[in-house]
Each structure stands twice: as structure tokens, then as C-alpha cells.
There are 2 protein chains.
Amino acid sequence: MPNQPTRKSDRTRARILAAARELFGEHGFDGVSLRDIAGQADADPALLIRYFQSKDRLFAAAAEIDLRLPELTGARPDDVGCILAAHFVETWEDPRTGTGLRVLLRSAPTQKETAERMRAIFAGQVMPAIRAVDRSGASDWKAAIIASQVLGFALTRYILELPAMTHMPGDELARHLGRLIQTILDSERITDADP
Amino acid sequence: MPNQPTRKSDRTRARILAAARELFGEHGFDGVSLRDIAGQADADPALLIRYFQSKDRLFAAAAEIDLRLPELTGARPDDVGCILAAHFVETWEDPRTGTGLRVLLRSAPTQKETAERMRAIFAGQVMPAIRAVDRSGASDWKAAIIASQVLGFALTRYILELPAMTHMPGDELARHLGRLIQTILDSERITDADP
DNA sequence: GCGATATGTCAACAGTTGTTGAAAAATGGA
DNA sequence: TCCATTTTTCAACAACTGTTGACATATCGC
């Protein structure tokens with residue numbers, strides 16, 4: 001039976017992937033061995049290779065994400081910051097999507113390929129979304145600063161876990177971030193003459 | 001001769017430390033082996049242990065930093081954001097201080113003790129500095145958000161190296177960041193009634 | 001029952017890691 | 001020169017890594 005709707009191995013494959021996402025998200029690529037993942041998934045280390053070919057490919061599968069940024073073209077310009085911030089908090093708090101993001105952000109600083117993937121996500125998903133709502137000619141620096149804000153919030157709250165950040169309720173966090181994003185979107189390019 | 005002004009070994013010790021700072025800052029704790037550092041410092045791997053006892057202690061020595069935040073009590077309130085931002089860019093761009101910061105931020109996501117050290121720096125250096133210039137009762141969340149902004153800038157520019165961030169001139173970066181920090185300092189606490 | 005295929009287990013490989021202790025070389029004062 | 005101390009080198013250790021291939025077990029149509 002080559003391709004039945006649900007094969008026996010698909011469930012263990014999913015178990016392995018779930019364990020990998022959880023451990024990679026908490027300790028990063030180098031902090032987790034295949035035997036660690038195999039132990040958590042109740043599987044043999046050789047199976048991980050059988051199903052995912054290599055540790056890198058397993059990590060790549062665990063780090064697969066889609067930002068699913070909301071459509072912004074129809075939104076009121078003053079609401080864009082709020083919308084983006086709310087979407088950010090939702091995506092990071094929901095384990096189904098947040099775990100993958102944690103995997104990515106946790107390992108990107110020490111894994112060159114992961115950093116490259118984040119750059120690709122920025123160029124392919126974040127920049128187009130900002131361009132769609134920014135009528136000023138050069139919106140690239142706005143996208144970059146917004147990305148730095150969002151990643152700064154994520155880093156301090158979910159990765160470094162600064163107490164002042166983890167203690168903040170999600171909706172308050174969203175309002176702060178929304179305000180800041182809106183500030184960037186509304187601002188003009190800073191020139192040398194600016195104080 | 002027990003304690004001459006400059007002993008022979010002090011120079012190789014310094015060479016080892018410099019190599020460690022450079023490599024740890026670029027690849028993180030797990031991405032660098034003692035043999036890598038020894039190779040770069042033209043020394044024997046055993047020497048690193050002899051001088052620093054263990055890899056963890058060597059890393060700790062390489063990650064030793066002091067933010068040296070400027071005295072803000074006398075500054076005009078409207079200038080604080082600009083002052084902090086300028087100090088931030090200087091500290092990160094200067095290799096003497098920037099390398100140590102890179103070591104810290106690169107490894108903090110995967111090294112629990114390094115993350116703990118960053119939390120300590122935040123509590124011991126950043127929060128007091130913000131408290132000194134903020135007259136509103138609760139300035140802790142302001143300090144947390146400012147830290148997230150600063151770390152977001154550092155992460156995207158020096159660690160992930162988003163092109164839109166690395167291409168930005170230092171002074172432009174400082175002006176953007178200064179504006180944002182000032183916005184946070186001037187803002188009031190957000191309540192549920194806030195749109 | 002049989003045989004084929006899919007699934008899981010086991011032991012072992014070659015390489016790298018941090019760390020150690022003993023031996024060798026360099027250094028400088030007597 | 002010889003001696004004592006500092007500085008460096010060398011070889012090896014035990015543990016862990018990703019990965020492999022051979023073997024065992026289960027599953028299911030017939």
C-alpha cells in the first residue's frame with residue numbers, strides 16, 4: 001500500500017517533528033542532539049534520519065513558518081499599527097505558530113542559514129506588506145525599523161524573558177507595540193537638518 | 001619573579017582572550033571550539049584551560065562588559081532619547097566595546113547563563129538609568145520597552161544583518177532610535193480606554 | 001498459513017568535544 | 001655554567017556527536 005490516506009509512520013513522523021520543534025525552540029540547534037529529540041518522541045535516533053535525512057533537514061522542517069500577515073490594503077491608515085501589533089501577539093502566543101517562530105529566532109543568531117532564512121522572510125513577506133500601506137517613496141527603512149521593533153519585543157519577551165516583559169499582559173503589549181509601529185509609519189524620513 | 005609589571009604569559013593570555021572575543025562574537029558559544037580559539041591565537045588548546053580553567057570561564061571573561069550609560073540626571077528631558085541613542089550607536093560600532101556586546105547578544109538566546117546575565121544587566125544598569133529621568137511612578141515598563149527597542153536594533157543590524165539595517169548610516173540610525181526612545185519616555189501608561 | 005512490504009531496533013563507525021597530566025622547552029638570576 | 005621557575009607542547013582520556021547498515025518485528029493482502 002504505497003499511499004494510503006494515513007499511514008502508520010506518519011504519526012511517528014509527526015511525533016518526531018513535534019518533539020523537534022519543542023526542543024529546538026527552547027535550546028536552539030546546537031543545544032539539542034538527535035538523541036534528545038528521539039528520547040522526547042519515544043523513537044529511535046536512526047528513525048529521525050530515516051524520515052528527515054539529516055539533522056539540518058529536520059531543523060529546516062521544524063523551522064518552517066508562514067507569517068500570514070493580514071491584508072492591509074483596505075485598512076484605515078491609522079489602524080495599521082494596531083492591526084499588525086495584534087497579529088504579532090496572537091501569532092507568538094499561539095503555540096501552533098509561536099513554537100516555529102521561537103525555533104527561528106532562537107537559532108538565527110548562531111546559525112547562518114537560519115539568519116539567511118529570516119532575511120528572506122523579511123524581504124519576501126514584511127517589506128511587501130509595508131510597501132502596500134506606505135505611500136511615501138522609500139518605505140524600506142520603515143519596514144526595517146518595524147521589523148527591528150517586532151523582533152525586539154519577541155526577543156526580550158519570549159527568548160531572553162526579561163521579567164518586565166513577560167509579566168506584561170498580551171493586550172497591553174499589543175497596544176504599546178501598535179503605537180510604536182504607527183509612529184514609524186506616520187514619520188517622514190529623517191534628514192540631517194532634523195534636531 | 002612572582003609579580004613583575006608585565007609577565008610573559010600575560011601577552012599570550014591577552015591574545016587568547018582577544019581571539020575568544022572575536023570568535024565567540026561571530027559564531028556564539030557552541031559554534032566555537034577551544035581548538036578554534038587556540039588556532040586563531042597561535043596557542044595550544046591546553047593553555048586556554050591553564051589560563052581560564054574551563055571553556056565557560058573563558059566565555060565569561062570574553063563576555064564581560066560595562067554599558068557605561070551616561071549620567072542623565074542633569075540632561076534636558078527632551079534630549080534624553082537622543083543622548084541614549086547616540087551612546088548606543090557609539091558603543092556598538094566601536095570594536096573595543098562592540099565585540100563584547102556581540103558576544104553577549106549572540107549567545108544569550110541559547111545560553112541560559114548568558115541570558116541570565118543580560119537580565120542582570122537590565123535590572124542593574126538600564127532600569128536605574130531610566131528611573132533617574134522618569135518622574136512617572138512606574139517607569140519599569142518604559143525601561144523594558146526601551147531595552148526591547150535597543151536590542152531589536154542591535155539584533156537586526158549586528159547579528160541578523162538585515163541589509164536595510166546594515167546599509168543605514170550610523171547617524172541616521174541614531175536619530176531614528178532617539179526619536180523612538182523619546183516617544184516612549186514621553187508617553188503615559190496605556191489604559192484599556194485607550195483606542 | 002505464506003510472502004512482501006513497511007516500520008522499528010540495535011550496535012557500531014569515525015569524528016569532534018572539553019579536559020587532564022606529564023614531559024619538554026624557554027627564561028633569567030646565581 | 002647550573003638551577004629553579006615560568007611557559008609551552010604533546011599525547012591521550014572519556015564522553016558525545018551525526019550517521020550508517022544490518023537485523024528484527026509488525027502489518028496486511030492473499
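Quick note: numbers below take in every heavy atom, side chains included, and nothing from hydrogens, waters or symmetry partners. In what follows, chains are A, B, ... by sequence order, proteins preceding strands, each numbered from 1.
In this structure, CD1 of A:Ile37 is placed 11 Å from C1' of D:dG18, rounded to the nearest angstrom. Distance, A:Leu47 CG to D:dT19 P: 15 Å, rounded to whole Å. The CZ-P distance, from A:Arg11 to C:dT7, rounds to 12 Å in whole Å. Distance, A:Leu48 CG to D:dT17 C1': 13 Å, rounded to whole Å. Taking atom CG on A:Asp10 and atom P on C:dT7, their separation rounds to 8 Å, with Å as the unit.
Applying the salt bridge (Lys or Arg N to Asp or Glu O under 4.0 Å) rule to B:Arg119 yields the partners B:Glu116; only residues at least two apart in sequence or on another chain are considered. Applying the side chain to side chain contact (heavy atoms under 4.5 Å, CB included) test to B:Arg50 and every residue at least two apart in sequence or in another chain returns B:Leu47.
Near DNA chain D, meaning a heavy atom under 4.0 Å away, there are no residues from residues 13-28 of chain B. The stretch residues 103-117 of chain B has no heavy atom under 4.0 angstrom from DNA chain C at all.
Counting only residues at least two apart or on different chains, the side chain to side chain donor-acceptor pair (under 3.5 Å) pairs with a member in residues 13-25 of chain B are B:Glu22-B:Gln40. Pairs engaging residues 58-83 of chain A under the ring-ring contact (aromatic ring centres under 6.0 Å, His included) rule: A:Phe24-A:Phe59, A:Phe29-A:Phe59 [sequence neighbours left out]. Sequence neighbours left out, not one pair with a member in residues 29-43 of chain B passes salt bridge (Lys or Arg N to Asp or Glu O under 4.0 Å). Under the side chain to side chain donor-acceptor pair (under 3.5 Å) criterion, the residue pairs touching residues 158-169 of chain A are A:Glu93-A:Tyr158, with sequence neighbours excluded. Applying the side chain to side chain donor-acceptor pair (under 3.5 Å) rule to pairs touching residues 95-110 of chain A yields A:Asp94-A:Arg96, sequence neighbours excluded.
Residues B:His176 and A:Trp141 share a closest heavy-atom pair of CE1-CZ3, 2.9 Å.
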Handout entry: 5'-to-3' dot-bracket of DNA chain D (Watson-Crick, G-U; under 3.5 angstrom; crossing pairs as [ ]; | other strand)
Key = .|||||||||||||||.|||||||||||||
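In the hydrophobic clustering of this structure, A:Leu151 groups with B:Met168; members are Ile, Leu, Val, Met, Phe, Trp, Tyr whose side-chain heavy atoms approach within less than 4.5 Å, directly or through other members. By the rule that hydrophobic residues join a cluster once side-chain heavy atoms approach within less than 4.5 Å of another member, A:Leu104 and A:Ile37 end up as members of separate clusters. When the side chains of ILVMFWY residues are joined at heavy-atom separations under 4.5 Å, either directly or via intervening members, A:Leu160 and B:Val103 end up in two distinct hydrophobic clusters.
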Table please: side-chain donor-acceptor pairs of residues 65-78 of chain B below 3.5 Å, with sequence neighbours left out.
unit_1, atom_1, unit_2, atom_2, d
B:Asp66, OD1, B:Arg68, N, 3.2
B:Glu71, OE2, B:Thr73, OG1, 3.1

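Look at B:Tyr51 and you'll find a side-chain N or O under 4.0 angstrom from OP1 or OP2 of D:dT8. OP1 or OP2 of C:dG8 sits under 4.0 Å from a side-chain N or O of A:Thr12. Phosphate proximity of C:dA6 to A:Ser9: absent, as no side-chain N or O sits under 4.0 Å from OP1 or OP2.
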Practice task
Quick one, give me the B/S/- string for nucleotides 14-27 of chain C, reading 5' to 3', where B means a protein heavy atom under 4.0 Å from the base and S means that only happens at the primed atoms, P, OP1 or OP2.
Solution key: ---BBBBB------
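No side-chain donor-acceptor contact under 3.5 Å links B:Lys112 to the backbone of A:His27.
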